[in-house]
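Some notes on the structure that comes next.
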Amino acid sequence: MNLTVAIQSLALGQAAPAPKMQTTLGSPSWISIAFFFAIVVVTLAITYWAARKTRTSSEFYAAGRSVSALQNGFALAGDYMSAASFLGISGMVALRGYDGMIYATGWLVGWPALMFLVAEPLRNLGKFTFADVVAFRLRQKPVRIAAAVGGILTVLFYTIAQMVGSGSLIQLMFGLRYEYAEIIVGAVMLAYVLFGGMLATTWVQIIKAVLLLIGVSFLTLLTLARFGWSPGNLYAAVVGQYGQAALQPGGLISSPLEAVSLGMALMFGLLGLPHILMRFYTVPDAKAARKSVLYATGLIGYFYVIIPIVGFGASVLIPGGRKFITSIDKGGNMAAPLLGELLGGTPFLGFIAAVAFATILAVVAGLTLAGASAYSHDIYVNVIKGGHATEEEQVKAAKTATVVFGVFAVALGILFKGQNVAFMVGLAFAIAASANFPALLLSIVWRRFTTQGAVWSILVGALTSVGMIVLSKTVWVDVFGFAKEIFPVRNPAIFSMTLAFLVGWVVSIMTPEQEALTKFEDEKLRTYLGVGAE
Amino acid sequence: MASTASSASGAQGRTQAAEARAQGAGSKTAHEVIASADFKALVSKRWKVSLVLLVLLFASYYGYILLIAGNPALVNQKIGEVTTLAIPLGIAAIVIAWALTAFYVAWANRSYDPEVGRLKGQLKP
C-alpha cells in the first residue's frame with residue numbers, strides 16, 4: 001500500500017474528528033532529493049580525494065593517523081549519534097515525556113568512563129583494532145580469534161538494527177521502497193569505505209555530525225521561539241495538554257535492578273564498541289585521543305540536552321499531538337521530521353530527511369570498517385598469515401572483507417524486514433559490555449591476566465549476554481511469542497559482565513603464564529609513556 | 001608513506017634526544033625507568049585520578065537513576081510552575097559527566113604530560 005496516500009488520506013480524512021497536520025512526509029519532494037544528492041555528491045568527492053591518500057593498511061584502517069583531535073571528536077560524535085538516537089529519543093520524549101530524558105542521559109555517561117579507563121592505553125598499545133591491545137602480551141591466535149568473535153557479533157547486531165531501522169525510515173520519509181533503500185545505503189556506504197577507507201569515513205562522519213547538530217539546534221530554536229524563549233512555557237504547554245505526568249519519570253524505571261543493569265550496558269558497552277574504539281587509532285597520539293573524547297562528550301552532551309526540547313515541542317505544537325505522531329509511526333520516530341515541517345516548511349523537512357539519511361550512511365560505513373577489520377586484520381593477517389602479510393595482501397584482505405561485510409549487511413537488512421529488531425541495539429551493547437570490555441580492561445590493568453583467561457572471559461561474556469537476552473521477555477515473549485520468559489531480567493549486563501570478569505580472573509589464576517607476566521612490565525613503557533606506540 | 005613515517009619517528013627521536021640533553025640524563029634503560037619510583041608514582045597517580053573520577057561519575061549517574069526509582073515523590077516535586085525537579089537533575093547528570101571529562105583532560109595536560117616528558121627524557125636515546 002502506498003504510504004503517501006495513507007498519510008494524505010489520514011490528513012484529509014473528513015470523518016475523523018481529531019485535529020490533523022498536513023504533511024508531505026513520505027512523498028519525495030524535490031527539495032529533499034536535492035539535499036540528499038548534495039550530501040552524496042560532496043561525500044563522494046571527499047571519497048575521491050581520500051582515495052588518493054589511501055594506499056597502505058595504516059591509511060585504510062587508521063587514516064594514516066593524521067586526524068586531529070577536534071576532527072576525531074566530531075567523527076566520534078558522528079559515529080555515536082545514530083538515526084536511532086536522533087529520531088528515537090525525540091520520539092520517545094514526544095510520546096512518553098520525561099522517560100525519554102532518562103534514556104538520553106544513559107547514552108552519554110559511557111564517554112567519561114571510556115576516557116578514564118581505556119582511551120589512552122588503547123591508543124598507545126594498539127594498531128587497528130581493540131584485539132591488538134588484548135593480544136598484546138598474550139598468545140596471538142586464540143586471543144585474536146576470541147576477540148574477533150566478540151567484535152564481529154557486536155558489530156553485526158548493531159548493523160542489523162541500523163539497516164532495518166534505516167530501510168523503514170527512508171521508506172517513511174522518501175516513500176522509497178524498503179529494498180531499494182537498503183541497496184542504496186549499501187552501495188553508497190561501500191563506495192566510501194572501499195575507496196576512501198578510514199579517511200573518507202571520518203570525513204563523512206564529520207559532515208554528518210555538523211549537519212545533524214545544525215538541524216537539531218535550528219529545530220530547538222524554532223521551538224523555543226514559539227514559547228517566548230522560555231522552556232518553562234513549553235513545559236506548561238506540555239502539562240496543559242498531557243498532565244503533570246509528562247514531566248515525571250514514568251514506567252521506564254520500575255525496577256532499580258533493571259535500571260542499573262541497563263545503565264551498565266550503556267555505559268560499559270561503549271567501552272567495547274569496535275567501531276568507536278577503532279577511531280582512537282586515527283589520531284597521532286594519546287594526548288590527541290584524550291582531547292578528542294572531551295570534544296565528543298561535549299558535542300554529544302549538547303545534543304542530548306537539547307533533543308528533549310524537540311520532543312516536547314513536537315508533542316504540543318503538532319496538531320493532533322501524540323495521537324497524530326503515533327498514527328504516522330508507532331514508535332514516534334517521525335516526531336522530529338514532522339515538527340521540522342511544521343516550523344520550517346517543506347524545505348526544512350527535506351533537510352532533516354536528508355540529514356537522517358546521511359546519518360544512516362555514516363554509521364553503517366563506520367560499522368562496516370570495524371567489522372571488516374576484525375576479520376582482515378585480526379583473523380586473516382594475525383591468525384591465518386601469522387602476522388606476516390605484505391602491505392598489498394593486507395589492503396586486499398581489508399577490501400575483500402569490506403565488500404563481504406557490506407553485502408551481508410544489505411542481505412540481512414532485507415532478510416529482517418518488518419521484524420522487531422529494536423532489541424538488537426541492546427544486544428550489541430550487552431555483548432560489548434560483557435565480552436569485549438572485561439578482556440580489554442583486564443589486559444590493560446592486570447598483570448596476571450592470561451591467554452586462557454582472556455579467551456574464556458570473552459566467550460562466556462558473549463554467550464551469557466546473548467543467552468540471557470534470548471531467554472528474557474524482550475526476545476522470548478516479544479519476538480518468539482512464548483507466554484512466559486525464562487530469565488526474569490530484560491537487561492542482563494549486570495550479570496553477564498560480572499560473570500565475564502569473574503571467569504577472566506579465576507581462569508587466569510588457574511593458568512599462570514610467565515611470558516605474559518614478563519611482557520606486562522615491558523608494555524608499561526608503551527602504555528603510560530607512549531614509547532614505541534604506532 | 002614509508003618516508004613520512006620514518007621522518008615522523010625521526011623527528012620524535014630528535015625531540016626526545018633534545019629533552020634528554022636538556023636534563024643531562026638519558027642514561028637509563030627501559031627497565032630502569034619502569035623500576036624507578038617516579039614511574040611507579042606516575043602510574044599509581046594516573047589510576048588514582050581515574051578511579052576517583054569514576055566513583056564520582058557512578059555516584060552522579062547511578063545516584064540519579066536510583067533516586068528516580070527509589071524516591072519518586074522527591075523528583076516529582078515542582079520547582080517552578082510546572083517544572084519538576086527531575087528535569088534539572090537529568091540535565092545535571094549530563095553536565096557533570098562532561099565536567100568530569102574536562103577535569104581529567106585538564107589534569108592530564110597540566111600534570112601527567114610533563115611528567116611523561118621528563119621520564120621519556122631519562123631513557124637512553
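The chains referred to below are lettered A, B, ... by the order of the sequence lines, with proteins before strands, and numbering in each begins at 1.
The 12-atom threshold is not exceeded at NZ of A:Lys53, counting heavy atoms of other residues, nucleotides or ligands nearer than 6.0 Å. Within a 6.0 Å radius of CD in A:Glu392, other residues, nucleotides and ligands contribute 12 heavy atoms or fewer. Residue A:Phe501 places its CZ atom among more than 12 non-hydrogen atoms of other residues, nucleotides or ligands, all under 6.0 Å distant. More than 12 heavy-atom neighbours from other residues, nucleotides or ligands sit within 6.0 angstrom of CZ on A:Arg526.
With a 4.5 Å cut-off on side-chain heavy atoms, B:Asn109 and A:Arg290 count as touching. Using a 4.5 Å cut-off on side-chain heavy atoms (C-beta onward), A:Met115 and B:Leu100 make no contact. You'll find the side chain of A:Tyr98 reaches within 4.5 Å of the side chain of B:Ile68, heavy atoms only. Within the 4.5 Å cutoff, side-chain heavy atoms of B:Trp47 are placed close to those of A:Leu117. At a threshold of 4.5 Å between non-hydrogen side-chain atoms, the residues A:Pro121 and B:Arg46 count as touching. The side-chain heavy atoms of B:Leu42 and A:Leu529, taken from C-beta on, include a pair separated by under 4.5 Å.
With rounding to the nearest 0.5 Å, the separation of CD1 in B:Ile94 from OG1 in A:Thr297 is 11.5 Å.
Your options are B:Ala102, B:Pro72, B:Ala69, and the one with the most heavy-atom pairs under 4.5 Å with chain A is B:Ala69. Between chain A and the residues B:Gly90, B:Ala97, B:Ala86, the most heavy-atom pairs under 4.5 angstrom are made by B:Ala86. If you tally non-hydrogen atom pairs under 4.5 Å between each of B:Ser50, B:Gly70, B:Ala35 and chain A, the highest count goes to B:Ser50. Counting heavy-atom pairs closer than 4.5 Å to chain B, the top residue among A:Ser255, A:Gly298, A:Pro308 is A:Gly298. Annotation: maximal heavy-atom pairing with chain B below 4.5 Å, among A:Ala104, A:Ala245, A:Gly106, occurs at A:Gly106. Contacts with chain A were tallied for B:Leu85, B:Leu51, B:Ile96, B:Leu53; B:Leu53 has the most, counting heavy-atom pairs under 4.5 Å. Of all the listed residues (A:Met267, A:Arg65, A:Lys291), the one sharing the greatest number of non-hydrogen pairs under 4.5 Å with chain B is A:Met267. Of the residues considered (A:Pro284, A:Pro256, A:Gly232, A:Ala286), A:Pro256 shows the highest number of contacts with chain B, using heavy-atom pairs under 4.5 Å. Between chain A and the residues B:Ile91, B:Leu54, B:Ile87, the most heavy-atom pairs under 4.5 angstrom are made by B:Ile87.
With hydrogens and angles disregarded, no donor-acceptor distance shorter than 3.5 Å links the side chain of B:Tyr104 to the backbone of A:Phe116. Side-chain atoms of B:Thr84 come within 3.5 Å of backbone N or O of A:Leu247 as a donor-acceptor pair.
Only the side chain of A:Lys287 comes within contact range of chain B, judged by heavy atoms closer than 4.5 Å. Interface remark: A:Met264 contributes backbone and side-chain atoms alike to the contact with chain B (heavy atom separation under 4.5 Å). Contacts of A:Leu108 with chain B are made by side-chain atoms alone, with heavy-atom separations under 4.5 Å and no backbone atom involved. Contact annotation for A:Val109: both backbone and side-chain heavy atoms come within less than 4.5 Å of a heavy atom of chain B. For chain B, no part of A:Leu299 is nearby; none of its heavy atoms comes within less than 4.5 Å. For A:Ile300, no part lies near chain B; criterion is any non-hydrogen pair under 4.5 Å. The part of B:Leu66 that comes within reach of chain A is its side chain, from C-beta onward, which places non-hydrogen atoms under 4.5 angstrom from that chain. Looking at A:Val445, only its side chain comes within 4.5 Å of chain B, counting heavy atoms on both sides.
Heavy-atom minimum distance, B:Val82 versus A:Gln244: O-NE2, 2.8 Å. Contact detail for A:Ala113 and B:Leu57: the closest heavy-atom pair is N-CD2, 3.9 Å. When all heavy atoms of A:Tyr235 and B:Thr83 are compared, the closest pair comes out as CD1-OG1, 3.5 Å. B:Ala93 and A:Thr105 get closest at one heavy-atom pair: CB-CG2, 4.2 Å. B:Ile65 approaches A:Val260 most closely through the heavy-atom pair CG2-N, 4.4 Å.
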Step-by-step side-chain contact (heavy atoms from CB on, under 4.5 Å) determination, B:Leu119 to A:Leu525: CA-CA 10 Å; B:Leu119 288 172; A:Leu525 215 51; over 6 Å; no
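The aromatic rings of A:Tyr528 and B:Phe39 sit perpendicular, their planes meeting at an angle over 60°, well past the 30° parallel limit.
By a heavy-atom distance cut of under 4.5 Å, B:Val75, B:Asn76, B:Lys78 are the residues of residues 73-81 of chain B near chain A, going up by number.
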